[in-house]
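Following: one structure in structure tokens, then a few remarks.
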Amino acid sequence: MSTARLTPAELMAPPILKVVQQRLLIVGLIASVIVIVGSVIQPQVFFRGYLISFMDWLGITLGSMVILMLRHLTKGGWGMIIRRILGAAMRTIPLMTLLFLPLVFPLSIHNVEASIFGL
């Protein structure tokens, strides 16, 4: 039994995906502008939503790391199928560290205001 030979053309994504990708990029940029405007107008609502979203994605990242570490610890074949997916999710830890910074700055600003006004 042998595997089927695929040509590079068969491995490429359909051309319609390029159009979908461009449209989704435009939607993402518009949503980013709306979020930035919303963060200026109502920062408390923005940071509450940002914290919830950050914790959701951090949970996926760290949970993937735990499952991958358990797989390596047990040396089992049970995780062979999802090994690459877990590794890719775990490699977002530096990005999550960078995305943590917006949560630190409001705390430092609040502490400065509290020390100035005696709160």
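In this chain, residues are counted from 1 in sequence order.
- Between Phe46 and Tyr50, the angle of the ring planes lies from 30° to 60°, which puts this pair in the tilted group.
- A single hydrophobic cluster is not seen to contain both Leu51 and Val45; linkage of ILVMFWY side chains at heavy-atom distances under 4.5 Å, directly or through other members, places them apart.
- Rounding to the nearest 0.5 angstrom, the gap separating the CD1 atom in Ile36 from the CD1 atom in Ile41 is 12.0 Å.
- Atom CD1 of Ile81 is surrounded by 12 or fewer heavy atoms from other residues, nucleotides or ligands within 6.0 Å.
- Minimum interatomic distance between Leu17 and Ala13 (heavy atoms only, all atoms of both residues): CD1-CB, 3.6 Å.
- Linking Ile, Leu, Val, Met, Phe, Trp and Tyr whenever their side-chain heavy atoms come within less than 4.5 Å puts Ile93 and Phe54 in one cluster.
- Under a hydrophobic clustering in which Ile, Leu, Val, Met, Phe, Trp and Tyr are joined whenever their side-chain heavy atoms come within less than 4.5 Å, directly or via other members, Leu99 and Val104 fall into the same cluster.
- Side-chain contact between His72 and Leu68 is present, with at least one heavy-atom pair separated by less than 4.5 Å.
- Not counting sequence neighbours, the partners of Thr92 by the side-chain hydrogen bond (donor to acceptor under 3.5 Å, both in side chains) test are Thr61.
- Atoms CG and CE, on Leu86 and Met65 in that order, are 11.5 Å from each other to the nearest 0.5 Å.
- With sequence neighbours left out, Met12 forms a side-chain contact (heavy atoms from CB on, under 4.5 Å) with no residue at all.
- Here the CD1-CE distance, from Ile60 to Met55, works out to 12.0 Å after rounding to the nearest 0.5 Å.
- Atoms CD1 and CD1, on Ile67 and Ile85 in that order, are 11.0 Å from each other to the nearest 0.5 Å.
- Annotation: the span from Met90 atom CE to Met69 atom CE amounts to 8.5 Å, rounded to 0.5 Å.
- Leu25 contributes atom CG, which lies 9.0 Å from atom OG of Ser32 (distance to the nearest 0.5 angstrom).
- For Thr74, the side-chain hydrogen bond (donor to acceptor under 3.5 Å, both in side chains) partners two or more places apart in sequence, or in a different chain, are Trp78.
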